[in-house]
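Shown next, in structure tokens, is the structure this report addresses.
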Amino acid sequence: MLSRPTQLALKRKSVAKLCGKKCPDLARNFTSSTVLKTVSSSLSDSVINNVADNNRPLPREAKVVICGAGVMGASVAYHLAELGWGSHTVLVDQGNIGGGATGHTAGLVGVFKPSLAQVRLVQSTVSLYKSLEERGLPTGWKQCGSLCLAKTRDRMTVFRRMQALSVSWGIDCKLVTPEEISKLCPLVRTDDLKGGIWIPGDGVGDPLQICQSLVKVAQQGGVHVLEGCSVKRVVSSNGRIVAVDTSHGTVECQYFVNCGGFWARQIGQMSEPFVKVPLHPCDHYYLHTRPVSGLDPMTPVVRDQDNHIYFRENDGCLMLGGFEPVAKPAFEDGLLPASSSARKLPEDWDHFHVLLEQMLHRVPILGETALDRLVNGPEAFSPDCKWILGEAPEIQNYFVAAGMKTVGISAAGGVGHSTANWIVNGFSSYEMYELDITRFLGLHNNRKFLRDRVREVPGLHYAINYPFSEFSTGRNLRMSPIYPKLREAGAVFGQVMGYERPVYFDPDGLLSNVTADPGAEKPFRIAETRTFGKPDWFDIVSEEYSACRESVGLCDYSSFTKIDLWSKGNEVVEALQYLCSNDVDVPIGSIIHTGMQNSRGGYENDCSLARLAENHYMMIAPTIQQTRCKVWIQRHLPPDGSVALSDVTSMYTAICVMGPLTRTLLSELTDTDLSPQSFPFFTFKELDVGLANGIRAMNLTHTGELGYVLYIPNEFALHVYTRLKEVGERYDLRHTGYYAMRALRVEKFFAFWGQDLDTTTTPLECGRSWRVKFEKGMDFIGREALLQQRDEGVKRMYVQLILQDHDPDLDLWCWGGEPIYRDGEYVGATTTTGYGYTFKKQVCLGFIQNFDPNKIPQRVTSDFVQSGSYEVDIGGIRYPAKVNLHSPNLPTKFPDKEREAYQATRVKVGVSEPILKVVTS
């Protein structure tokens, strides 16, 4: 075996050879410095150990057990103690407090995040750190500000949009020139920059100090903290947490919080059933220098996202890191090390070189600076590059706070506060559906899927978030039976919940970068929109839109969530009446659109229910609701099992045919009378189509256009599709995708859950009061909250805004989140946006509020909305806009009384249900 001096000499030689070949200055400086060392911390192990209650036995009972004493677990414990649950909470860790990822993160705290929910979590965190410092508890918080740099025009567009958003998000920021960047941080090379954005409220913290301070306060509040205590099994009974088995014994408890970070997925497998926490580790590097002479301790954090790197000042030295475009998966066999020390991996200079080159370019002084060490501390990422929070769908009272993608310190305070409130009060204090663990399916936890996806995900952390961005890995996973036909027809695909869904069709390959050989199979194409202006698919979608309004469009709706509910007696009706705010006790064959509200009146689900039989319903819900709504319903059904629920999403192919000629087309394929008198709008029939039977047909399209959605048993799907295509040729049938559907529904002022509606939005705020039946004869979830809101008035209102004086060919487009101004004052933000091909203008949906001089929301009325003058801010330019409160009746060559009588969004209360009576000519 080689001696230690010989090992060091060989390591020094290999590094010198690598760096000498690619960056000789760095190699010279590195070889003169101390060879790689392990991560040092500002808190010694002895100090950390003194924090824990290692001499006290593990309690046998508690309300809450938290696994993982990193900054996330410490924050949950802290906030539970603040809420009075400290003496009922146990915090355990297999190692030392803060010894996991917390011990080697960069400590960056940047408030700008991709969504308002994430921003609020970070803002809450910064407030917590400042509060701890004021109480004399160290956090290492230093408000040095941050600089984000732009090499490209698109990046500057992102920054202009960020500055526009900063008004509504309460973030102080300023666009800066390259000259101003040089003054703010002289270390930065600026000759290739377009500009940047300066965020003075950003800063850095010491993860270990923060962790120690949070644990100290939690202990003072009664939390029992134990190091060196491993969780062995999480025990549940009847779908609820009942105990946790540890290496120190068993604790009976009511709640379990998985804050395992790097190990969270493994911890999820310690229960029966498994709790799926889709995370996979990959290499992640931090480069530390020796002290830099004259380095200002208030040097701002610099993020050069176009080059995938960042750096900060750290005790007189520089710490640099990044997110390489193609990451390197770690521990690909799924076997994770048991300790933090074993988790650290050898450095891979070849892999790190892509970041190192950019660091040397952006920070020239680095080439003359002695290096200290390169640390490879693998980090775990989720498959969509977002945090994973909330209550697990598999087991009640099992909470997860993980997947923080190296920036856990920036959100720990908000996440801990939200999780603790959820446990104590039954709901989160933040709207976090986009981060909720129920956004995943089982497929997302497949290890090979995660291994492939983690190569792509870290690079997205700093990538430009273009509209409708798509992943390139983990594709062709969920596909409808007609997928091959759609692909051959020129489909360009987007993915949602793993499902390949056509977003538009380009049969001639006009927008393709790949030229297929004549007669060869059409290549699989992933949609991309690499612009913030007019997209290249604009004209294609325009033609698809026209087909849906003037002839026939065929669209694959197979990804929609489909759930059957039934019972032997009337139990299913009673259960749905309790779950739904609308009256679902409608005639057989009727379709009802309803919300499922939470106790605060917000939307947990927004769905259509078709009554197939006396005690049998089929529910259609948004694709992203497949896990979420199923769990919500299951947890509110009678515990005696009298109501059965079956997820039939994968059993049916859904084909929507929409347009004024659909009734005539479909009549050629079925013997059923499709006249308005026999098959009116918002009703259901079971049809034979072609030679197939058992097709569930619904007379609606979810866009406001004429047409039907056919739910076809999978074995008949290809036959029905083929017959529709053959007969449809006489009616100029055209394939259409999701983008055309989106344009149709935005123009018709239709709200969708997850885009316009969420768990904080009530029906009274979004023009759906008429769908709430307060007097239906029984209570329903959220009724009291909605009655109170009806009496007091709403404090925000859903509107449609049509932009004026906006040139779609030259100006930036709205893509969602743009600030809305009324009479020059900020009042809200857009949610869904799109181009109105009939209006020939940009159309925005969103919510507006009425703020008093102290920025406190006041009651919003129709008069308030309609009496104002509106503008929408797109990247710093405000465009005037016309406001609508009701779904418009668009001009058409094919007027239809049924559709004209129906407005999905309207302010009027007490209007009759949209199950229309027979329309007579």
Side-chain angles (χ1 to χ4, degrees), residues 63-64 234-242 253-258 268 271-277 388-400 418-419 421-428 431-433 435-442 561-567 571-582 584 594-607 609 617-622 624-649 753-754 757-760 778-785:
K63 283 187 177 180
V64 186
V234 180
V235 186
S236 64
S237 177
N238 296 320
R240 289 178 175 270
I241 292 292
V242 295
C253 60
Q254 300 168 32
Y255 298 87
F256 177 76
V257 189
N258 181 347
S271 61
E272 179 57 46
F274 284 1
V275 168
K276 302 174 187 67
V277 187
I388 302 178
L389 311 175
E391 187 176 14
E394 295 88 354
I395 303 174
Q396 280 189 267
N397 297 345
Y398 186 124
F399 288 83
V400 177
S418 172
T419 304
N421 268 283
W422 204 331
I423 291 170
V424 175
N425 300 318
F427 58 89
S428 168
E431 170 46 62
M432 298 196 303
Y433 73 87
L435 307 175
D436 198 298
I437 191 170
T438 57
R439 70 185 186 270
F440 297 117
L441 293 169
T561 299
K562 315 171 196 73
I563 292 177
D564 272 11
L565 298 114
W566 69 94
S567 61
E571 295 89 349
V572 68
V573 181
E574 294 176 352
L576 287 173
Q577 288 286 54
Y578 175 66
L579 277 160
C580 299
S581 52
N582 207 335
V584 305
T594 181
M596 293 185 180
Q597 321 308 138
N598 53 42
S599 61
R600 284 124 27 237
Y603 279 95
E604 290 293 336
N605 186 24
D606 180 50
C607 62
L609 282 166
Y617 290 80
M618 182 182 192
M619 185 190 79
I620 308 299
I624 60 173
Q625 281 272 23
Q626 186 170 353
T627 299
R628 181 189 182 91
C629 72
K630 181 169 62 176
V631 172
W632 178 261
I633 294 169
Q634 286 173 328
R635 291 181 177 174
H636 291 88
L637 290 179
D640 59 7
S642 58
V643 178
L645 178 152
S646 178
D647 184 349
V648 297
T649 300
W753 195 94
L757 312 178
D758 58 36
T759 59
T760 67
M778 68 174 294
D779 193 17
F780 59 87
I781 301 172
R783 183 175 183 273
E784 291 303 316

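For the residue pair Ser418/Ser428, the side-chain donor-acceptor check at 3.5 Å is satisfied. Residues Ser581 and Gln597 bring a donor and an acceptor atom of their side chains to less than 3.5 Å of each other.
Taking the six-membered ring where tryptophan is involved, the planes of His636 and Tyr578 are tilted, since the angle between them lies from 30° to 60°.
You'll find the side chain of Cys607 reaches within 4.5 Å of the side chain of Thr594, heavy atoms only. No side-chain heavy atom of Phe256 sits less than 4.5 Å from a side-chain heavy atom of Ile395. Looking at heavy atoms from C-beta onward, Leu576 lies out of side-chain contact with Ile633 at the 4.5 angstrom threshold. Using a 4.5 Å heavy-atom cutoff, the side chains of Val234 and Asn258 are not in contact. Side-chain contact between Met619 and Gln625 is absent, with no heavy-atom pair separated by less than 4.5 Å. Considering only heavy atoms from C-beta on, Trp632 comes within 4.5 Å of Asn598 through its side chain. Ser642 is not listed as a side-chain neighbour of Leu637, based on a closest heavy-atom distance of 4.5 Å or more. At a threshold of 4.5 Å between non-hydrogen side-chain atoms, the residues Leu389 and Thr419 do not count as touching.
The neighbour count for Asp779 CG, taken as heavy atoms of other residues, nucleotides or ligands under 6.0 Å away, is above 12.
Glu391 places a side-chain N or O within 3.5 Å of a backbone atom of Asn397 that can act as its donor or acceptor partner. Checking side-chain atoms of Ser236 against main-chain N and O of Glu272 turns up a donor-acceptor pair under 3.5 Å. Formation of a donor-acceptor pair under 3.5 Å by the Thr561 side chain with backbone atoms of Ile620 is not found in this model. Checked by atom type and distance alone, the side chain of Gln577 never pairs as donor or acceptor with a backbone atom of Phe780 at under 3.5 Å. At distances below 3.5 Å, at least one donor-acceptor pair connects side-chain atoms of Thr627 with backbone N or O atoms of Phe440. Here the side chain of Ser567 pairs no donor or acceptor atom with the backbone of Val643 at under 3.5 angstrom.
Considering only residues two or more places apart in sequence or on other chains, Asp758 meets the salt bridge (charged side-chain N to carboxylate O under 4.0 Å, His left out) condition with none of them.
A cation-pi arrangement, defined by a distance under 6.0 Å to the six-membered ring centre and an angle within 45 degrees of its axis, is absent between Arg628 and Tyr433.
Closest approach of Trp422 to Gly390, counting heavy atoms only: CZ3-CA, 3.4 Å.
With values rounded to the nearest 0.5 angstrom, Gln396 atom CD is found 12.5 Å from Gln254 atom CD.
Using a 4.0 Å cut-off between charged nitrogen and carboxylate oxygen, Glu604 and Arg635 do not count as a salt-bridge pair.
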